[in-house]
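For reference, the structure is listed below as C-alpha cells.
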Amino acid sequence: MAKISLEDIKHSYLKRPRAPEDWALKKLDLEWSDGGAYALLGPSGCGKTTLLNIISGLVRPTEGRVLFDGVDLNERPTDRRHIAQVFQFPVVYDTMTVRENLAFPLRNRGLKAAEIEQKVAAIAHMLDLSEMLPRRASGLTADGKQKISLGRGLVRSDVNVIMFDEPLTVIDPHLKWQLRSKLKELHQRTRRTMIYVTHDQTEALTFAEKVVVMHEGRVVQVGSPVELFERPRHTFVGHFIGSPGMNILPCEVSGGGVHFAGRQVDVENPPRGLLKGRHTEIGVRPEFVLLTEQGIPVNIVKVSDAGRYRIVEARCEESRIKLLLEEGVSLPASNVCVRFDPTHTRLYADGQLLE
Amino acid sequence: MTLELRNVVKSVGAQTHIHETSLRLAKEGFNILLGTTLAGKTTLMQLMAGLEQPSRGEVWFDGKNVTGVAVQKRNVSMVYQQFINYPNLTVFENIASPLRVAGMGRAEIKDRVHRIAELVKIAPMLTRRPSELSGGQQQRTALARALVKDADLVLLDEPLANLDFKLREELRDELPKLFVNRHSVVVFATTDPMDALLLGGHTATLREGCITQFGPTAQVYHRPVDLVTAQVFSNPPINTATVTKRGDHIVLSETVQWMATAEMRQLPDGAYVVGIRPHHISPVANGPGSARLDGKVQITELSGSESTIHFEHGPLHWVSQSHGIHAVEVGTTIQLHIDVDRCMYFSVEGKLVA
Amino acid sequence: MDGKTQNQMGWLFVLPVVALVAFNAVIPLMAVVNYSVQETFGNNMFFFEGVKWFEQVLHSDRFHASLGRQLIFSGIILAIEVPLGVAIALAMPRRGPWVSVCLVLMALPLLIPWNVVGVMWNIFALPDIGMLGRLLNDLGFNYNYTQQPISAWATLIAMDVWHWTSLVVLLAYAGLSAIPDAYYQAAKIDGASAWAVFRYIQLPKMRRVLTIAVLLRFMDSFNIHTEPFVLTGGGPGNATTLLSIDLVKIALGQFDLGPAAAMSIIYFLIILLLSWVFYAVMTRGEEQ
C-alpha cells in the first residue's frame with residue numbers, strides 16, 4: 001500500500017513538442033492517498049489513459065516525477081512498481097484454467113504451493129468464480145474474463161494500486177452494473193487503492209470516493225461525486241457531469257445583480273464587482289429549474305419521456321433550457337414560466353466558478 | 001412508405017435465430033429494436049435490408065415483395081457501431097461515394113455533400129481523413145454517408161455504443177432532427193432502454209429472437225404486455241417477486257403487504273408476479289398508501305443526483321433508485337417505501353394483468 | 001434457399017478461371033488417371049490393366065526408398081524451419097524504422113527463381129572453387145556434395161532452410177503483430193518471464209498462423225523438385241533422389257507412363273492424407 005504522488009507531470013508523445021496541443025498532459029500535480037477509490041473521468045483524448053500508463057510505468061513522463069511513498073519511481077520498470085492493471089478488454093491466458101490464471105502472478109514470484117492455493121481460493125470466492133476454477137479460461141464470458149483479470153491483481157498482497165482502464169467496455173450493458181457493484185464491494189472489503197479511468201460519469205461517480213475530472217490534458221476539478229455535482233468549479237464539469245448536463249446560460253452582470261433574458265436572477269454566489277470584459281454565464285442543473293406562475297417565459301420545444309422523469313427542452317430567446325418533470329407532474333398548456341432555484345444557481349466567469 | 005416482415009423465420013442449421021415474426025414499420029419516427037446482445041437485432045436488420053434471406057416468410061417494402069432482392073438493388077443505407085468509413089478517402093469523398101456509384105453529376109454531388117455535412121456538423125472536416133478525426137466525428141461521417149443517399153430504408157445498428165457518454169447524449173439529441181422530413185423508414189437497434197425512451201417513435205422489444213411487443217415507445221414502457229418485455233425495457237433490472245392476492249390485500253411476505261388497487265381487486269385471488277421499477281422504491285416515503293419494507297443494504301451507488309441502493313429482503317435481491325443522496329452504510333437495515341400505485345402485476349405465466 | 005442473396009453475375013466472373021483450371025489441372029489429372037490404369041508399348045495402343053500399376057508401385061522397393069527419403073527430408077525441414085522461423089520472427093522489431101528493413105531482407109530469398117537458387121548453391125558449395133565448399137574443406141572437413149551422400153543431404157537441407165525459412169518468419173511475424181499490446185503489459189505486471197510470455201501468450205495466439213506455415217512448408221517440401229534437381233540431380237547415386245525426382249525419371253526418362261501415372265496418384269494421395277493429419281492435429285481443440 002502506498003501514497004502515490006505525481007509531481008509536475010508533463011507529457012508529450014512527440015520528440016520535440018512546440019505548441020500547447022503537442023502536449024498530451026499539461027502540468028499537473030496529484031496525490032492519491034492509500035486505500036482510496038479514485039476515478040479519472042474525462043472525454044476521449046483528455047489524457048486519462050496516458051496518466052494511467054505513467055503511474056503504472058508503461059510510459060515514462062517527459063517531465064516530472066512519480067513517487068510511491070516518497071520514493072521516485074521514474075527509473076523503475078512496471079513489474080517492480082507493485083501495481084496491477086485491468087485493461088479495456090479482458091486479458092486472460094487462454095491455455096490455462098481459471099485457477100492457473102489466478103495463480104500465475106504468485107507462481108512467478110515464487111510463492112509456495114499451499115499459500116498460492118489458499119489465496120486463489122479466497123479471491124475466487126470474493127469474485128464468485130469458485131465453481132469456474134477448473135474450467136479453461138477461454139471458455140468464460142467477457143465479464144468472467146474481466147473478473148479473472150481483476151483477480152490476478154487482487155491475489156497479490158504486495159499490490160500498491162489496482163488500475164482499471166475502462167474495464168466495462170466489452171461487458172454486456174445489462175451486466176455492467178453487476179460488475180460495477182462488485183468492484184465497489186471489493187474495494188470496500190480489501191481497501192486497496194483503486195484508480196478507475198472512464199469516460200462514463202455513471203461509472204465514475206458510482207465507484208469513486210474522489211473523482212479527478214480531466215479535460216484536454218489538464219485536471220479541471222478533484223472532488224467527491226456530490227461536490228462535483230453540487231458545486232462544479234468549471235462549466236465543463238457542470239456540463240460533463242449529470243445526465244442531462246447543467247444548463248449554461250449567458251447572463252449580464254449590472255447594477256449589483258445578475259440578469260438573464262432581461263430578468264433578475266438570484267444566484268448562490270453574487271458578484272462583488274462588475275466583472276467587465278469577462279464572459280459571464282449562469283449554471284443551473286435541470287433538476288433545479290422549476291415551473292412557476294410568474295417567471296421567465298419559455299417556449300416548449302420538446303418533451304421526452306425518460307421513464308422515471310421527463311426531459312423538457314425549452315427555449316428562451318436564443319438559449320436552450322432543459323428541465324426535469326417527475327412522473328405525474330404535468331406541464332401547463334400555455335404560458336410556461338420557469339425560475340431557477342437560487343441555492344443551486346451559480347455565476348461563472350470565463351468558465352470558472354466565481355468564489 | 002412501409003417495411004413489412006410477414007411470418008419471417010431465420011434459422012441457421014438447427015438453430016433458430018429469429019422465430020416467426022411479423023412486423024410493420026412506418027416512416028414516421030424511429031423504429032427501435034431494443035434487446036440485449038445476441039437477442040437478434042442485427043439479424044433482423046440484415047433481413048430487412050436484404051443482406052440475408054429469410055428461411056421462411058417474406059419481406060415487403062412499399063407494397064412490393066422484395067424477398068430475395070439483393071441489397072445492392074434495394075435502396076438501403078446502414079450505419080454500424082464501429083464507425084465504418086473508407087480509410088483512405090477524405091470525408092468529402094466518403095460522403096460522396098454512394099452518389100458517385102449512382103452516377104450523379106459533379107455539381108450536384110458537391111451541393112448535396114455540403115448540405116449534409118452542415119446538417120451533421122462536420123463541414124469543417126471535409127478535407128480530412130477518418131483517421132484524423134475523433135470517434136464522434138467519424139460516426140458523423142458515417143451518418144452523413146448514410147443520409148446523403150436518401151435511401152428508402154436507413155438502418156442504424158447501435159451507432160452510439162462506441163461513443164463517449166456525453167457524445168452519445170449529444171448525438172442522441174440530434175438524431176431525430178436529422179431524420180425529420182425524410183421519406184425513409186428508420187430502424188435503430190440498441191441495448192440501452194434510455195436510447196429508446198429518448199428517441200421516441202415505436203419500439204420493438206426483442207429477446208432470444210422473438211419480438212415480445214411492438215408499439216409506441218411510451219406505451220411499451222408503461223404498459224408492457226408481459227414480464228419479459230418489462231425486463232428488457234429496464235435498466236437497472238426491474239424488481240420482481242411472487243405475491244399472493246387475498247381479498248383486498250397483496251401480500252409479498254409476512255411483514256410486507258399493501259392494499260390492492262381498484263384494478264387488482266377485480267381479479268381473482270391467487271398468486272401473481274409483481275414488477276416494481278427501481279425508481280418506485282425509495283428510502284423516502286412517497287405517499288400515504290406506500291408499503292414499507294425493510295431491506296439490508298448490500299451496495300449503495302451515488303451518482304451525483306441519484307442514489308441506487310441494492311438491498312436484500314429475505315430471499316429477494318432488489319434495487320431502489322431515488323433522487324437525492326442517501327449514503328447508507330453497507331450492512332445496515334433501512335426502511336424503504338414502495339409506490340404501490342405504480343406496481344405492475346403479471347400472471348404467473350408472465351402476462352400483464354394490471 | 002441457402003440464406004445468401006442470389007447473385008448470378010458472380011458466375012460470369014469465375015468462368016475464365018474455371019476454364020483455366022480445367023485445362024491446366026483437371027483435364028491433365030484425368031489424363032493421368034487414365035494412364036495409370038492402362039498399359040502402352042509406345043505405339044499409341046493402350047490396354048486396360050486395372051490396378052496392376054498401383055500394386056507394382058506400392059510393392060516396389062524403389063518407391064519405398066524414395067518415399068522414405070522424402071519423408072525424412074520433409075521431417076527435417078519442418079523440424080528446423082518452423083522453430084527457426086518463429087525464433088527469428090520473435091527477434092524482429094515490431095516498431096520503428098528497422099521494421100521495413102527486416103521485412104525486405106526476409107522477403108529477398110523468396111523472390112529468387114527456384115532454379116537460380118539451385119544453381120547458386122550448386123556453385124557456392126563446390127568443394128574446390130565454391131566459397132562454402134572451399135571454406136569447409138579448408139577448415140578440415142572432408143566435404144564434397146557431389147560424392148558424399150551426407151554432404152549432399154546437408155547441402156540440400158541448408159539450401160532449403162536458406163530459401164524457405166523466410167516464409168515461416170513472415171507468417172509468424174504477422175501472427176505476432178496481431179497480438180494486442182495489452183497482453184504484454186499484463187504479463188509484465190504479472191511478473192512473467194520471457195519464456196512464460198512465449199508459452200502462454202505468443203504461442204497460443206500464433207496457432208492459426210503456424211498451422212498455415214506448417215501446412216505450406218510440408219506440402220512444398222514434399223513436392224520439391226527444382227532445387228534438388230539443379231543442385232545434385234538426385235545424386236550421388238540416388239542419395240538425394242526424392243519422390244518427385246524419381247517420378248520424373250520414371251515418366252520422362254524411362255517413359256513408363258503407367259507406373260509413373262500410378263505413382264503420381266499415390267503421391268498426390270499421400271500429400272492429401274498427411275496434410276489432413278497435420279491440419280486435424282493442429283486445429284484440434286479450437287472451437288470456433
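Residue contact with chain B, scored on non-hydrogen atoms closer than 4.5 Å, involves the side chain of A:Tyr309 exclusively. With a threshold of 4.5 angstrom between heavy atoms, B:Leu163 approaches chain A through N, CA, C or O but not through any side-chain atom. Heavy atoms of A:Gln188 lying under 4.5 Å from chain B belong exclusively to its side chain. Contacts of A:Lys182 with chain B are absent, with no heavy-atom separation under 4.5 Å from either backbone or side chain. Looking at B:Gln231, there are no atoms closer than 4.5 Å to chain A (heavy atoms on both sides), in backbone or side chain.
Listed options B:His222, B:Gln298, B:Arg168, B:Arg277 were ranked by heavy-atom pairs under 4.5 angstrom with chain A; first place goes to B:His222. In terms of non-hydrogen atom pairs under 4.5 Å with chain A, the most contact-rich of B:Asp192, B:Leu198, B:Asn162 is B:Leu198.
Put simply, CG on B:Asp173 and CD on A:Glu313 are 6.0 Å apart, with the number rounded to the nearest 0.5 Å. Separating the OG1 atom in A:Thr202 from the CZ atom in B:Phe165 is a distance of 4.0 Å, to the nearest 0.5 Å. Atom NE2 of residue B:His279 and atom CD of residue A:Glu326 lie 10.0 Å apart, to the nearest 0.5 angstrom. Remark: A:Lys302 NZ to B:Lys177 NZ distance equals 6.5 Å, nearest 0.5 Å. Note that the NZ atom of B:Lys166 and the CD atom of A:Gln201 stand 5.5 Å from one another [nearest 0.5 Å].
Listed in order of number, the residues of residues 282-290 of chain A that approach chain B to under 4.5 Å between heavy atoms are A:Glu287.
Partners of B:Glu263 under the salt bridge (charged side-chain N to carboxylate O under 4.0 Å, His left out) rule, at least two apart in sequence or in another chain, are B:Arg223. For B:Glu312, there are no salt bridge (charged side-chain N to carboxylate O under 4.0 Å, His left out) partners, not counting sequence neighbours.
Shown here is A:Lys26, whose NZ atom has more than 12 heavy atoms of other residues, nucleotides or ligands within 6.0 Å. Within 6.0 Å of CD in A:Glu185 there are more than 12 heavy atoms belonging to other residues, nucleotides or ligands.
Counting only residues at least two apart or on different chains, no side chain to side chain donor-acceptor pair (under 3.5 Å) pair has a member in residues 212-222 of chain A.
Here the shortest heavy-atom pairing between A:Asp305 and B:Ala218 reads OD2-CB, 4.1 Å.
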